[in-house]
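Since the structure comes first, as structure tokens, the remarks are kept for the end.
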Number of protein chains: 2
Amino acid sequence: MTTSPVTLQQVADRAQVSRSAASFALSGRPGVSESTRSRVLAIAAELGYSPNRTAQNLRSSRTGIVAVYLPKDVSVLSYYMEATFGIIDEAELSDHTVTFVPHSAESAARLRADGVIILDPTLDDPVIPRLLELGLPVISGEEMPQESAQLTGTVTSDHAGSTEEILDAFAAAGAHSPAIISPEERMSWSMTIEDAYRKWCGDHGVETRIESASLDGMSETTRRATKRLLESGEVDAILALTDGSVLTVVTSAASHGRTLGTDLLVAAAVDSPVLGYMDPPVTAVDLRPREFGRACMRLLTRALDSSDSRGDGRAPHAEGIQTAATSAEETDALQQSVETHVIHRDSTAGPLHRPRSTDSTTPPATPEERS
Amino acid sequence: MTTSPVTLQQVADRAQVSRSAASFALSGRPGVSESTRSRVLAIAAELGYSPNRTAQNLRSSRTGIVAVYLPKDVSVLSYYMEATFGIIDEAELSDHTVTFVPHSAESAARLRADGVIILDPTLDDPVIPRLLELGLPVISGEEMPQESAQLTGTVTSDHAGSTEEILDAFAAAGAHSPAIISPEERMSWSMTIEDAYRKWCGDHGVETRIESASLDGMSETTRRATKRLLESGEVDAILALTDGSVLTVVTSAASHGRTLGTDLLVAAAVDSPVLGYMDPPVTAVDLRPREFGRACMRLLTRALDSSDSRGDGRAPHAEGIQTAATSAEETDALQQSVETHVIHRDSTAGPLHRPRSTDSTTPPATPEERS
DNA sequence: CACCAATACTAAATCGGTTTAGTGACATGC
DNA sequence: GCATGTCACTAAACCGATTTAGTATTGGTG
């Protein structure tokens with residue numbers, strides 16, 4: 001039934017040349033006449049030849065696999081799925097297969113891959129050191145919270161900038177007391193947002209109010225944090241960092257007598273398809289996860305290319321001064337940032353009508369009520 | 001820096017035997033004395049030998065890759081992410097790497113994999129025929145909507161049963177006019193639910209009310225469908241098939257003067273972490289996606305094992321009658337079902353207070369009101 | 001004409017396993 | 001005593017590419 005794939009040998013035979021000549025012709029290397037080259041190319045195309053990746057991998061001692069590691073307990077955040085598909089987009093170009101690393105230290109240790117992309121590395125995640133020990137190129141999506149010499153490259157987003165923009169929007173819409181809900185897990189991006197928030201509050205003479213929630217979708221922790229904020233008469237705007245926490249805020253606002261966009265402003269630090277269709281739609285930061293994933297993979301591809309042109313890992317007999325200079329150059333290059341932008345939706349439209357303090361029994365405003 | 005991995009040759013040298021003897025010893029095949037075997041095993045363990053998968057793959061003309069294909073435009077449904085991790089769990093046992101198939105016909109055509117798992121195959125998806133043409137074993141997670149001879153196995157869930165259970169729960173809580181929101185995309189599971197719904201309505205003398213929504217999280221289609229249902233004075237219970245549609249219903253209920261669990265019952269055909277933390281929590285069907293993914297991979301593993309013990313694809317010289325019998329036997333075996341169960345939460349608690357028809361300004365009933 | 005170099009190619013090694021075909025030693029049967 | 005068989009193992013082929021080393025053929029130069 002299935003016709004077995006065409007091999008290089010078959011192409012060579014048909015072209016009446018040796019296997020090596022055919023290989024040279026196809027890879028565009030010198031050592032073969034122009035007429036032979038075009039003949040081989042034509043025959044390869046005719047037969048539908050495509051090199052066996054496994055054989056190539058064996059020869060070059062590669063696997064053709066790129067491993068992606070996600071934070072544990074995220075099953076909601078569509079950000080990661082989008083980012084993964086971005087990685088796949090780019091990996092296709094260099095014929096790499098993308099796979100996930102399971103959340104166990106053992107499977108990380110026996111991981112077979114050419115490189116690793118860690119998305120949102122979490123402080124104290126026991127798997128991450130194992131991944132770094134592998135000696136493979138590692139790209140970090142968002143900064144590593146812990147210092148790491150082995151890191152190959154980093155892709156970041158401008159979380160500080162978008163946080164400022166959202167807090168400014170809150171203020172412009174009439175909110176004076178913004179709070180944030182941040183994940184318990186220590187990740188660089190959330191800490192960056194917390195810092196930006198504290199700075200903004202300092203600059204504007206506002207007290208900070210940070211609640212923490214767990215990362216795994218929605219938990220009791222998240223609900224309680226939300227409740228505390230909604231019952232506080234003070235807080236009139238909430239920036240929620242995760243998918244889970246923003247949904248909790250939105251769905252429980254009404255039962256606390258709050259109306260989004262009217263007496264409570266809400267924004268999300270990470271956009272998600274659901275937010276645009278909430279009622280009202282929720283302002284959020286578009287981190288362009290697909291582009292972010294692509295950027296990670298591009299950096300990794302660069303690292304993989306350069307690591308085989310020079311020492312190929314088996315013969316790492318460095319050339320003294322040269323290596324140092326080259327690697328410094330590369331370290332600089334392997335840092336990249338992805339543009340983001342805030343999508344302003346109705347949940348921060350304002351102007352804000354401040355809720356009556358401590359009165360949580362107020363019935364929700366009906367659509368007819370307008371000021 | 002990175003110490004190169006131990007090869008079989010090194011183990012053999014150390015044990016003073018040939019490479020083949022070492023291979024026999026390690027693979028547990030006969031032809032080597034017990035003393036030699038244990039010596040080789042000990043040395044292999046000591047050196048931390050682990051066979052090079054790429055070399056094994058080359059020899060056995062395999063890739064070690066299992067490809068997973070998801071419906072297009074799903075980035076919210078955490079079901080798929082969970083199912084994928086279930087596939088990965090099981091794939092680890094047989095040393096397979098799991099990857100996603102991009103949503104393009106070309107990349108599907110040049111896919112390198114040992115087998116394919118299609119989750120929720122959608123009717124008219126142009127990529128699916130390409131995947132079936134590959135001649136690889138294909139497992140379908142939920143029934144294929146179109147007939148396909150090439151299909152190797154199918155894993156299903158009891159959607160009809162859970163639908164009945166939910167509709168019964170609606171009725172028990174006092175609802176008499178349940179509606180469903182189903183995705184536009186034709187998938188076997190959603191059609192099964194629609195059929196079960198129609199049957200239930202027939203059996204109970206209730207008129208059917210089916211709205212359709214798009215699968216990609218939440219769209220204008222979904223919002224309009226939701227609006228129609230909520231504005232209808234008739235409908236007092238909604239079974240939403242997708243993550244997106246259930247969230248739309250939940251978040252927009254209040255602005256239509258409806259209170260979940262009190263004058264409107266809501267349930268989801270697919271559970272998601274968010275639903276348990278909505279306010280009130282939403283009843284949903286736990287499809288046990290992780291177990292479902294595992295079951296898919298187990299079926300695939302079985303198919304892969306049997307395909308290499310018999311004709312290995314390169315020498316498909318069938319043995320007439322025998323083959324037909326064997327393949328029929330296998331077709332029977334490669335059908336499996338995963339148990340599911342309904343998680344009853346407050347959104348269907350009832351007893352239901354029917355809203356006054358066409359009066360959408362009714363204030364929500366307070367908790368004190370009881371019938 | 002002899003010598004060297006470049007060209008265009010082929011033969012063979014290589015990657016790291018698995019598997020088949022052989023081989024020598026020893027035991028058994030007739 | 002010789003054919004036959006079994007056991008434990010080795011040599012070599014093989015998977016399908018890449019890459020190095022080697023070989024004719026040609027051309028140019030002193």
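Numbers restart at 1 for each chain; the letters A, B, ... are given by sequence-line order, proteins then strands. When reading the values below, keep in mind they use all heavy atoms of this one structure, side chains included, and skip hydrogens, waters and symmetry mates.
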Round to the nearest Å and state the distance from [X] atom [atom1] to [N] atom [atom2].
X      : N       : atom1 : atom2 : value
D95(B) : dG17(C) : CG    : C1'   : 14 Å
Q16(A) : dA8(C)  : CD    : P     : 19 Å
N57(B) : dC15(D) : CG    : P     : 16 Å
Q10(A) : dG16(D) : CD    : P     : 9 Å
L58(B) : dG16(D) : CG    : P     : 7 Å
R39(B) : dC9(D)  : CZ    : C1'   : 11 Å

Less than 4.5 Å apart, any side-chain heavy atom of I43(B) and any of L47(B)?
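Contact flag for I43(B)/L47(B) side chains = yes.
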Run the side chain to side chain contact (heavy atoms under 4.5 Å, CB included) check on R294(A) and I87(A) step by step: do they pass?
CA-CA 5 Å; R294(A) 278 208 192 87; I87(A) 292 171; over 6 Å; no
Under-4.0 Å side-chain N/O to phosphate OP1/OP2 contact, T54(B) with dC15(C)
no
OP1 or OP2 of dC9(C) less than 4.0 angstrom from a side-chain nitrogen or oxygen of S33(A), does that happen here?
yes
S23(A) and S20(A) side chains, donor-acceptor separation under 3.5 Å:
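No, S23(A) and S20(A) have no side-chain donor paired with an acceptor closer than 3.5 Å.
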Regarding Q56(A) and R59(A), do their side chains bring together a donor and an acceptor under 3.5 Å, going by distance alone?
no
I'd like to know whether F100(A) forms a ring pair (Phe, Tyr, Trp, His ring centres under 6.0 Å) with Y69(A), so could you lay out the CA-CA distance, the side-chain angles of the two residues, the decisive distance to 0.1 Å, and finally the verdict.
CA-CA 6 Å; F100(A) 287 125; Y69(A) 184 68; 9.8 Å; no
Under the salt bridge (charged side-chain N to carboxylate O under 4.0 Å, His left out) test, which residues partner R39(A), sequence neighbours left out?
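Once residues adjacent in sequence are excluded, R39(A) has no partner under the salt bridge (charged side-chain N to carboxylate O under 4.0 Å, His left out) criterion.
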So for the helix from dC1(C)-dG30(D) to dC30(C)-dG1(D), with five pairs setting each end axis, what is the inter-axis angle to 10°?
70°
Please check this pair: side chain of H103(B) against backbone of L70(B), looking for a donor-acceptor N/O pair closer than 3.5 Å.
yes
By the 4.0 Å heavy-atom rule, please label T36(B) as base, sugar-phosphate, or nothing.
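Contact class for T36(B): sugar-phosphate only.
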Any chance you could list the contact pattern along nucleotides 17-24 of chain D? Use B for base contacts, S for sugar-phosphate-only contacts and - for none, protein heavy atoms under 4.0 Å, 5' to 3'.
BBBB----
Assess the residue pair V68(B) and V98(B) against the criterion (side chain to side chain contact (heavy atoms under 4.5 Å, CB included)); give the C-alpha distance rounded to whole Å, side-chain angles, the decisive distance to 0.1 Å, and a yes or no.
CA-CA 7 Å; V68(B) 174; V98(B) 177; 3.6 Å; yes
So, for T63(B) and N57(B), which heavy atoms are closest and what is the spacing to 0.1 Å?
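Closest approach of T63(B) to N57(B): O-ND2, 3.3 Å.
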